[in-house]
A.B. asks: 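Sharing a structure below in C-alpha cells format, with a few things to ask.
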Amino acid sequence: MNSPEQPLPTFDEVLLCTPQTSAEQVGLFLRRCLIPCRQGEKVYTMLYADELSYDVSCRAEELFQHLQHYNSSYRLVILCNCERENSYLPSAFSHYKVHMIPQRSRAEIQQYLQHHFRVSQPSNSAASVFKDHMCVGIVSSKRAGMGK
C-alpha cells in the first residue's frame, strides 16, 4: 500500500480458512509460498487460520517446518481471531508473532481500496448499486434476517 498503483493481492496469495478447509488446500498454498519461483516477491496471507481443524493444522505445521528450509525469504502472514489465539496453528507459530499497528490511517486505507474497487466506466453492472460505483460493497444489519 505504499503507492495507489500497488496492486491488491491476487487469488493465489490469499487463503481464506474455514473449518472445511482441507489439508490439501493448505498444502498447495504453503508450497506456493515456500517453494522459490520467479513470480516476484508476493506476500502470502492465511486468513482465519484459527478456524482450521486440529488435523489440518497439525499437517500444515509439519509441512511448513519441512518446506521453510527451501526458501529463507518467504513472506507469510497468518491472521487469526485474537479470541482464538490458543487454537493449534496460532499456538504453533506463536514464536513468530508480531503485534501489528496499522501504519496508515483508516482514511488512507479506504482511499487505497476505493482506487482499486471503483469501476472505471459504469455500465449496467452491479457496481451501479454501490456507492461511488464500487464493485464491492458490504451490506450489514444489526437485526438478523432482515432480507440482506
Side-chain angles (χ1 to χ4, degrees), residues 1-119 125-127 129-131 134-148:
M1 207 183 103
N2 293 330
S3 124
E5 302 309 315
Q6 192 172 13
L8 291 169
T10 58
F11 71 94
D12 66 327
E13 293 176 85
V14 178
L15 178 64
L16 180 59
C17 301
T18 67
Q20 290 75 37
T21 302
S22 69
E24 181 181 6
Q25 290 171 307
V26 175
L28 290 171
F29 178 78
L30 289 174
R31 282 180 178 83
R32 278 196 301 266
C33 172
L34 297 168
I35 294 177
C37 61
R38 300 181 197 266
Q39 295 181 359
E41 295 185 3
K42 294 183 175 187
V43 177
Y44 293 89
T45 307
M46 288 179 71
L47 298 170
Y48 304 116
D50 54 294
E51 294 280 330
L52 295 173
S53 70
Y54 181 80
D55 181 50
V56 171
S57 295
C58 289
R59 291 174 65 187
E61 182 195 14
E62 288 173 13
L63 183 60
F64 175 83
Q65 298 300 335
H66 175 71
L67 292 176
Q68 76 172 344
H69 302 295
Y70 292 105
N71 185 1
S72 61
S73 63
Y74 62 88
R75 295 175 175 195
L76 175 62
V77 177
I78 300 175
L79 296 174
C80 302
N81 182 340
C82 65
E83 294 174 4
R84 292 181 42 104
E85 66 184 347
N86 293 326
S87 60
Y88 186 86
L89 211 55
S91 295
F93 288 91
S94 64
H95 55 283
Y96 296 106
K97 187 184 222 178
V98 175
H99 290 282
M100 175 116 171
I101 298 171
Q103 300 297 311
R104 303 280 188 215
S105 69
R106 182 177 180 169
E108 288 176 301
I109 294 169
Q110 287 175 335
Q111 186 176 22
Y112 172 79
L113 292 173
Q114 285 175 353
H115 172 77
H116 287 284
F117 288 126
R118 183 171 285 122
V119 175
S125 73
V129 174
F130 294 112
K131 181 181 174 186
M134 295 291 135
C135 64
V136 175
I138 297 174
V139 178
S140 66
S141 173
K142 293 182 180 179
R143 295 174 56 195
M146 297 306 295
K148 294 182 284 300

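Quick caveat, the model's predicted, so the values are computed rather than measured.
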A.B. asks: Looking only at non-hydrogen atoms, find the nearest pair between Cys33 and Leu76 and report the distance.
C.D. replies: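 Residues Cys33 and Leu76, closest heavy atoms: SG-CB, 3.8 Å.
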A.B. asks: Evaluate the side-chain proximity of Tyr44 to Tyr74: yes if any heavy-atom separation is below 4.5 Å, no if none is.
C.D. replies: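 Side chain of Tyr74 against side chain of Tyr44, heavy atoms only: no contact under 4.5 Å found.
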A.B. asks: Looking at Gln111, I want to see if its CD is surrounded by more than 12 non-hydrogen atoms of other residues, nucleotides or ligands under 6.0 Å.
C.D. replies: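 For Gln111, atom CD is not crowded (no more than 12 foreign heavy atoms under 6.0 Å).
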A.B. asks: Between Asn71 and Ser73, do the side chains contain an N or O donor and an N or O acceptor separated by less than 3.5 Å?
C.D. replies: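 The answer is yes; a qualifying pair exists.
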A.B. asks: Using a distance-only test with no angle check, is there a side-chain donor-acceptor pair under 3.5 angstrom linking Asp12 and Thr10?
C.D. replies: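 Their side chains do contain a donor-acceptor pair, which is all the 3.5 Å distance test asks for.
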A.B. asks: Taking all heavy atoms of Cys17 and all of Thr21, pick out the closest pair and write down the distance.
C.D. replies: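 For Cys17 and Thr21, the tightest heavy-atom pair comes out as CA-OG1, 3.4 Å.
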A.B. asks: If you round to the nearest 0.5 Å, how far is CD of Gln103 from CD of Glu108?
C.D. replies: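 These two atoms lie 10.5 Å from each other.
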A.B. asks: So, for Gln25 and Leu15, which heavy atoms are closest and what is the spacing to 0.1 Å?
C.D. replies: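 Between these two residues, the closest heavy atoms are O-CD2, 4.3 Å.
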A.B. asks: Atom CG of Leu16 and atom OG1 of Thr45: how far apart are they, to the nearest 0.5 Å?
C.D. replies: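 Result: 11.5 Å between the selected atoms.
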A.B. asks: State whether the side chain of Asp50 and the backbone N or O of Ser87 hold a donor-acceptor pair below 3.5 Å, judged by distance alone.
C.D. replies: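 No; zero donor-acceptor contacts below 3.5 Å.
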A.B. asks: Could you pull out the closest heavy-atom pair between Ile78 and Ala49, with the gap in Å?
C.D. replies: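 What the structure gives for the nearest pair is CG2-CB, 3.4 Å.
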A.B. asks: I'd like to know if the side chain of Ser91 and the backbone of Asn86 have a donor-acceptor N/O pair within less than 3.5 Å.
C.D. replies: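 Side chain of Ser91 to backbone of Asn86, a donor-acceptor pair under 3.5 Å: yes, one is there.
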A.B. asks: So, do Thr18 and Tyr48 sit near enough that their side-chain heavy atoms are less than 4.5 Å apart?
C.D. replies: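 Side-chain contact under 4.5 Å: no.
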A.B. asks: Under the ring pair (Phe, Tyr, Trp, His ring centres under 6.0 Å) test, which residues partner Tyr54, sequence neighbours left out?
C.D. replies: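 Scan of Tyr54 (ring pair (Phe, Tyr, Trp, His ring centres under 6.0 Å), adjacent residues dropped) gives Tyr88.
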A.B. asks: Closest heavy-atom contact between Leu63 and Arg31?
C.D. replies: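 Closest approach of Leu63 to Arg31, heavy atoms only: CD2-NH1, 3.6 Å.
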A.B. asks: Using 0.5 Å steps for rounding, measure from the CD atom of Gln20 to the CG atom of Leu52.
C.D. replies: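 It comes to 10.5 Å.
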A.B. asks: Could you check if a side-chain atom of Leu8 sits within less than 4.5 angstrom of a side-chain atom of Tyr112, using non-hydrogen atoms only?
C.D. replies: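 Yes; the side chains approach each other to less than 4.5 Å.
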A.B. asks: How long is the span from the OG atom in Ser57 to the CZ atom in Phe93, to the nearest 0.5 Å?
C.D. replies: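 Rounded to the nearest 0.5 Å, the OG-CZ separation comes out at 9.0 Å.
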A.B. asks: Taking the six-membered ring for Trp, are Tyr70 and His66 parallel (under 30°), tilted (30 to 60°) or perpendicular (over 60°)?
C.D. replies: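 Ring orientation, 0 to 90° scale: perpendicular.
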A.B. asks: If we ignore hydrogens and angles and just use 3.5 Å, is the side chain of Arg59 paired with the main-chain N or O of Ala23 as donor and acceptor?
C.D. replies: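 Answer holds: no.
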A.B. asks: Determine, stepwise, if the pair Glu51 / Arg84 fulfils side chain to side chain contact (heavy atoms under 4.5 Å, CB included).
C.D. replies: CA-CA 9 Å; Glu51 294 280 330; Arg84 292 181 42 104; 4.3 Å; yes
A.B. asks: Of all heavy-atom pairs between Leu34 and Gln68, which one has the smallest distance, and what is that distance?
C.D. replies: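 Closest pair (atom of Leu34, atom of Gln68, distance): CD1-N, 4.2 Å.
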